S.K.: 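For reference, the structure I am asking about is given below.
By convention here, the first residue in the shown sequence is residue 1. Computation of the quantities below employed the complete heavy-atom set of this structure, encompassing side-chain atoms and omitting hydrogens, waters and symmetry-equivalent molecules. All of these numbers come straight from a predicted model, not from anything done at the bench.
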Amino acid sequence: MGVDYYKILQVDKNAKDEDLKKAYRKLAMKWHPDKNPNNKKEAEAKFKQISEAYEVLSDPQKRAIYDHYGEEGIKGQVPPPNAGGPFGTTYFQTGEEPNVFRFNPRNANDIFAEFFDFSTPFDWMGGGGSGGMRGSSRFGSMFGDDIFGRFGEGRPMSSAPRKAPPIEMTLPCSLEELYKGTAKKMKISRDIADASGKTVPVEEILAIDIKPGWKKGTKITFPEKGHEQLGVIPSDLVFIIDEKPHSVFTRDGNDLVVTQKISLVEALTGNTVHLATLDGRTLTIPIHNVIHPTYEEILPNEGMPMPKDPSKRGSLRIKFNIKFPTRLTSEQKAGMKKLLAS
């Protein structure tokens, strides 16, 4: 299962939300790096582990996936459960390869600040919010005060709703789709909460407009399209463009690269390349130069559209894989020497 988040927070697997809050509050205060100046490296590592464990176990979606698949599942190494499963996760259907739930741990200091409601860190030090903190941490010397004494161990930390972390899903696209642009429709299932807090499952269709020239890693965000629940602002849904392998072309930035197989005779005497482009045209490229192993024929403005200005394009770069003969007869060798020496 990898990392045991329950063990890190020192709670059992049936721990309720209040148990998790109490455990996090105690351990985060104990291991915050600002409270451990003489052992800061170890404290930072433990503080990060504690924050990650609390982030996963306090979120019903992540906790369900972790309980079923362990750390590998929560960090995207297995697919999410199928729609209709017991996990309550937001599901995506693209009609293509299975997608993967991806968990990106939040910054440990952000979780700490949100938990203790540090809208202004000076509120904890009785110093007002007008000054600026000079230390390396935005929490400064806040540990000089007894936070538990001020707040009370059993009192709620803040009534302000927290924002659930984003849910990220890959969106596979063919090279043709990224070249020409396309529209994709994504069907999602999520829970909608009414005023009483009761949730009802609904399905929605999200339209995604893929622009020409978009690259792998481009993100499309749908704000607050995750599950709804009382006291929590729904997650943003983030689709991340992924590029499918192409049978002919590879992409290098805004350039397209293709490799042609030719014989040694063609390399020495000339060759004509015929290529079908991603938008359906046929290019005929005569090459009169001697083609050596590192030779490239470059065609400007025949590459991928540039995202910021699709009227401009990168280059098409043609590389060559020269097939050399496996053996030559004595007569052939003599003829080659005579020909090349002249």
Side-chain angles (χ1 to χ4, degrees), residues 1-78 80-81 86-89 101-118 124 137-139 142-143 145-168 226-227 229-233 235:
M1 178 174 276
V3 175
D4 189 337
Y5 289 139
Y6 292 100
K7 185 175 180 181
I8 289 172
L9 284 187
Q10 300 173 17
V11 296
D12 61 43
K13 293 191 175 182
N14 297 318
K16 306 295 184 186
D17 191 51
E18 284 304 314
D19 300 325
L20 296 173
K21 288 180 179 178
K22 186 175 180 179
Y24 173 76
R25 184 183 304 128
K26 176 183 176 182
L27 293 170
M29 290 296 297
K30 177 181 178 181
W31 288 106
H32 194 286
D34 285 356
K35 200 175 182 181
N36 296 270
N38 297 324
N39 192 23
K40 199 157 189 173
K41 190 171 183 180
E42 180 185 1
E44 285 175 348
K46 286 186 176 292
F47 184 64
K48 183 178 179 181
Q49 278 190 332
I50 292 162
S51 300
E52 183 175 314
Y54 177 72
E55 181 182 2
V56 171
L57 298 183
S58 64
D59 184 297
Q61 298 174 20
K62 295 187 183 71
R63 185 173 180 176
I65 294 173
Y66 172 75
D67 286 345
H68 193 76
Y69 294 108
E71 183 190 12
E72 294 82 4
I74 201 67
K75 293 189 175 177
Q77 297 177 28
V78 297
F87 300 98
T89 305
F101 179 93
R102 297 190 184 278
F103 165 58
N104 294 319
R106 296 173 61 203
N107 183 281
N109 282 333
D110 289 342
I111 296 173
F112 187 87
E114 183 179 280
F115 186 90
F116 288 103
D117 194 24
F118 290 124
W124 291 100
S137 168
R138 59 177 167 170
F139 301 114
M142 50 177 276
F143 293 102
D145 293 329
D146 182 359
I147 292 181
F148 294 121
R150 283 188 179 208
F151 221 15
E153 181 72 21
R155 293 171 59 187
M157 304 310 290
S158 173
S159 59
R162 65 178 177 87
K163 172 101 175 188
I167 298 172
E168 296 187 345
H227 290 301
Q229 51 185 313
L230 286 180
V232 179
I233 300 172
S235 301

S.K.: Mind checking the NZ-NZ spacing from Lys46 to Lys41? Nearest 0.5 Å is all I need.
M.R.: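 Here the rounded value is 14.5 Å.
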S.K.: Out of curiosity, Lys22 NZ to Asp17 CG, how far, rounded to the nearest 0.5 Å?
M.R.: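 Lys22 NZ to Asp17 CG: 14.0 Å, rounded to 0.5 Å.
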S.K.: Please check if the side chain of Asp19 supplies one atom and the backbone of Lys16 the other of a donor-acceptor pair under 3.5 Å.
M.R.: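 At least one qualifying donor-acceptor pair exists.
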S.K.: How long is the gap from CG on Asn107 to NZ on Lys48, to the nearest 0.5 Å?
M.R.: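 Answer for the CG-NZ pair, Asn107 versus Lys48, is 9.0 Å.
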S.K.: Checking Asn36 side chain against Lys30 main chain: does a donor-acceptor pair fall under 3.5 Å?
M.R.: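 Side chain of Asn36 to backbone of Lys30: a pair is present.
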S.K.: Which pair of heavy atoms, one from Lys13 and one from Tyr6, lies closest together, and at what distance?
M.R.: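 Between these two residues, the closest heavy atoms are CA-CE2, 3.5 Å.
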S.K.: So Lys163 and Val232, side chain to side chain contact (heavy atoms under 4.5 Å, CB included) or not? Walk me through it.
M.R.: CA-CA 6 Å; Lys163 172 101 175 188; Val232 179; over 6 Å; no
S.K.: If you compare all heavy atoms of Ala15 against all heavy atoms of Val11, which two are closest, and at what distance to 0.1 Å?
M.R.: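 In this case the closest contact between Ala15 and Val11 is CB-CB, 3.8 Å.
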S.K.: Please confirm whether the backbone N or O of Tyr5 pairs with a side-chain atom of Tyr66, one donor and one acceptor, at under 3.5 Å?
M.R.: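 Answer holds: yes.
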S.K.: Rounded to the nearest 0.5 Å, what separation is found between the CD1 atom of Ile65 and the CG atom of Asp59?
M.R.: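 Spacing of CD1 (Ile65) from CG (Asp59) equals 8.5 Å.
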S.K.: Among Val56, Val3, Leu27, find the residue that satisfies the side chain to side chain contact (heavy atoms under 4.5 Å, CB included) test when tested with Ile8.
M.R.: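 Only one option passes, and that is Val3.
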S.K.: Let me confirm one number: the CE-CD1 distance from Met29 to Ile50, rounded to the nearest 0.5 Å.
M.R.: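 Going from the CE atom of Met29 to the CD1 atom of Ile50 covers 12.0 Å.
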S.K.: Can you classify the ring geometry of Tyr24 versus Tyr54 as parallel (below 30°), tilted (30 to 60°) or perpendicular (above 60°)?
M.R.: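 Tyr24 and Tyr54: parallel rings.
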S.K.: Go through the steps for Leu20 and Arg63 under the test side chain to side chain contact (heavy atoms under 4.5 Å, CB included), then give the verdict.
M.R.: CA-CA 12 Å; Leu20 296 173; Arg63 185 173 180 176; 3.7 Å; yes
S.K.: Taking all non-hydrogen atoms of both residues into account, name the closest pair between Ala164 and Ser235 and its distance.
M.R.: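 Answer, listing the atom of Ala164 first, then Ser235: CB-OG, 3.2 Å.
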S.K.: For Lys62 and Glu55, which heavy atoms make the closest approach, and how far apart are they?
M.R.: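 Where Lys62 meets Glu55 most closely, the heavy atoms are CD-O, 4.2 Å.
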S.K.: Compare every heavy atom of Arg162 with every heavy atom of Ser58, then report the nearest pair and how far apart it is.
M.R.: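 That closest heavy-atom pairing would be O-NH2, 3.5 Å.
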S.K.: Could you give the distance from CZ (Arg25) to CZ (Phe112), rounded to the nearest 0.5 Å?
M.R.: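 It comes to 11.0 Å.
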S.K.: Which atom names give the shortest non-hydrogen contact between Leu57 and Leu9, and what distance separates them?
M.R.: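 Closest approach of Leu57 to Leu9: CD1-CD1, 4.1 Å.
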